[in-house]
Amino acid sequence: MSTYLIKWNPKKSPWADLAQNVEDVRRKGFFDSRWSCGNTKRIRQGDRVFLLRTGVAPRGIVATGIVNEETFEDTHWDQESSQDTALFIGVRFDTLLHPERDGILTIDQLQTEHLVGFPWHTQGSGITIPPLAAEELETAWSGFLTAHGQQPISLADEVTAPLRFFEGATRQVSVNSYERNPYARHQCIEHYGCRCCACGFDFEKAYGQLGQGFIHVHHLKPLSEIREQYEIDPITDLRPICPNCHTMIHRGSEMLTIEELRPLIQAHG
């Protein structure tokens with residue numbers, strides 16, 4: 001999963017239904033929309049996006065979401081543009097703030113080690129956020145939401161989402177019923193590192209900067225068995241694991257332990 005910054009300038013594109021869309025997120029847990037991604041064509045389904053408000057003060061993060069439709073071309077959103085078409089992505093926003101009512105996470109608040117030099121003021125949309133900066137941004141975002149009395153929506157890249165239906169909806173919707181806490185993920189990786197604890201694979205060693213910071217985080221006890229919100233100990237409950245090993249652990253009718261998987265890797269590796 002990669003992380004990208006997309007932009008919204010209220011001066012150029014007023015958000016007429018913002019209040020209603022904020023309510024949609026709070027009532028249903030999400031809001032689906034399409035969004036301009038500049039000239040970026042590499043964004044993939046499942047990637048993470050942060051929405052930055054620009055053009056008017058205060059400037060900062062107002063929403064987060066997951067890409068649910070990869071890049072496509074359509075009529076340009078700006079009628080004054082010299083271009084007839086623009087690139088878009090489909091986004092399922094999981095958090096959306098109303099700047100006048102909720103406040104926003106301002107650029108001035110994003111001055112941590114890997115965020116202070118990030119090009120927040122560039123004009124383009126669809127900018128890649130490097131892994132270390134993305135982790136810091138997730139932490140800052142969750143902290144901001146918690147401080148303002150909102151429940152942070154955390155990442156869940158390992159759980160097969162159950163199906164839920166909303167009354168009056170015209171299509172089926174998949175959602176995560178058990179959420180991942182980005183704080184816990186960060187602390188797990190900080191303690192164990194990014195090498196797979198089952199097979200030892202290191203994405204950064206294999207792919208260089210492209211693989212830096214990439215790893216899945218495995219819950220030793222499946223969240224689907226817990227069936228309730230619980231407090232995670234990142235060191236005791238979580239382990240970094242590569243996607244291949246993670247898939248094999250969950251592939252059978254019963255989940256394997258990491259200790260049960262290692263002999264299989266050694267026997268067939």
Side-chain angles (χ1 to χ4, degrees), residues 1-102 104-107 118-130 133-134 137 141 153 155 157 161 164-176:
M1 179 187 73
S2 299
T3 305
Y4 294 91
L5 187 72
I6 55 178
K7 295 191 174 183
W8 166 47
N9 186 340
K11 288 184 176 180
K12 294 184 177 181
S13 182
W15 197 330
D17 297 328
L18 177 60
Q20 179 58 54
N21 296 151
V22 169
E23 180 59 27
D24 290 340
V25 172
R26 292 178 179 172
R27 181 173 57 87
K28 297 195 301 183
F30 67 90
F31 158 65
D32 285 340
S33 180
R34 72 172 193 172
W35 211 269
S36 171
C37 57
N39 296 318
T40 305
K41 297 182 179 180
R42 61 184 176 273
I43 302 177
R44 297 290 178 262
Q45 188 171 2
D47 284 343
R48 180 76 162 159
V49 294
F50 282 80
L51 179 62
L52 177 72
R53 186 170 92 149
T54 66
V56 295
R59 297 168 174 82
I61 304 298
V62 296
T64 55
I66 298 295
V67 175
N68 60 7
E69 185 176 2
E70 297 183 5
T71 52
F72 61 93
E73 193 171 353
D74 204 345
T75 303
H76 205 290
W77 58 271
D78 186 357
Q79 295 181 352
E80 298 181 359
S81 172
S82 59
Q83 303 292 326
D84 294 330
T85 62
L87 284 178
F88 296 88
I89 52 174
V91 179
R92 169 157 294 179
F93 288 104
D94 51 44
T95 306
L96 176 61
L97 303 178
H98 195 297
E100 282 69 38
R101 297 199 312 239
D102 305 321
I104 67 174
L105 178 60
T106 66
I107 294 175
F118 189 78
W120 298 108
H121 299 287
T122 59
Q123 297 300 312
S125 188
I127 302 170
T128 301
I129 304 177
L137 185 53
W141 180 243
I153 300 296
L155 302 180
D157 56 2
R164 292 177 61 191
F165 297 87
F166 291 95
E167 185 176 359
T170 58
R171 59 187 173 83
Q172 179 176 292
V173 177
S174 293
V175 298
N176 294 317

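Reckoned from all heavy atoms, side chains included, excluding hydrogens, waters and symmetry mates.
Exactly one residue among V49, V67, D47 makes a side-chain contact (heavy atoms from CB on, under 4.5 Å) with S2. That residue is D47.
Note: T71 OG1 to I89 CD1 = 8.5 Å, rounded to the nearest 0.5 Å. Annotation: the span from T3 atom OG1 to I66 atom CD1 amounts to 8.0 Å, rounded to 0.5 Å. The distance from the CH2 atom of W120 to the CD1 atom of I127 is 9.0 Å, given to the nearest 0.5 Å.
The side-chain hydrogen bond (donor to acceptor under 3.5 Å, both in side chains) check on R42 picks up T128, with sequence neighbours excluded.
H121 has its side chain within reach of I107: a pair of non-hydrogen atoms, C-beta onward, lies under 4.5 Å apart. Taking 4.5 Å as the limit, some side-chain heavy atom of L5 sits within range of a side-chain heavy atom of F118. Looking at heavy atoms from C-beta onward, D94 lies out of side-chain contact with F30 at the 4.5 angstrom threshold. F72 is listed as a side-chain neighbour of R34, based on a closest heavy-atom distance under 4.5 Å. Two residues are said to be in side-chain contact when any heavy atoms from C-beta on lie closer than 4.5 Å; D32 and N68 meet this criterion.
Closest approach of G65 and V91 over heavy atoms only: CA-CG1, 4.2 Å. Closest approach of L137 and L105 over heavy atoms only: CD1-CD2, 4.5 Å. For the residue pair P10 and V56, the shortest heavy atom distance occurs at CG-CG2, 3.7 Å. Contact record, I129 with A134: CG2-N, 3.6 Å, taken as the closest heavy-atom pair. Considering all non-hydrogen atoms of both residues, I104 and G60 come closest at CD1-N, 3.4 Å. A pairwise comparison of heavy atoms in S33 and F93 identifies CB-CE1, 4.0 Å as the closest pair.
Between the side chain of E70 and the main chain of R44, no donor-acceptor pair closer than 3.5 Å is present. Checking side-chain atoms of S125 against main-chain N and O of S36 turns up a donor-acceptor pair under 3.5 Å. In this structure, the side chain of R53 engages the main chain of P58 through a donor-acceptor pair within 3.5 Å.
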Without placing hydrogens or testing angles, list every side-chain donor-acceptor pair under 3.5 Å for residues 14-23, not counting sequence neighbours.
from	atom 1	to	atom 2	distance (Å)
W15	NE1	N21	OD1	2.9
Q20	NE2	D24	OD1	2.9

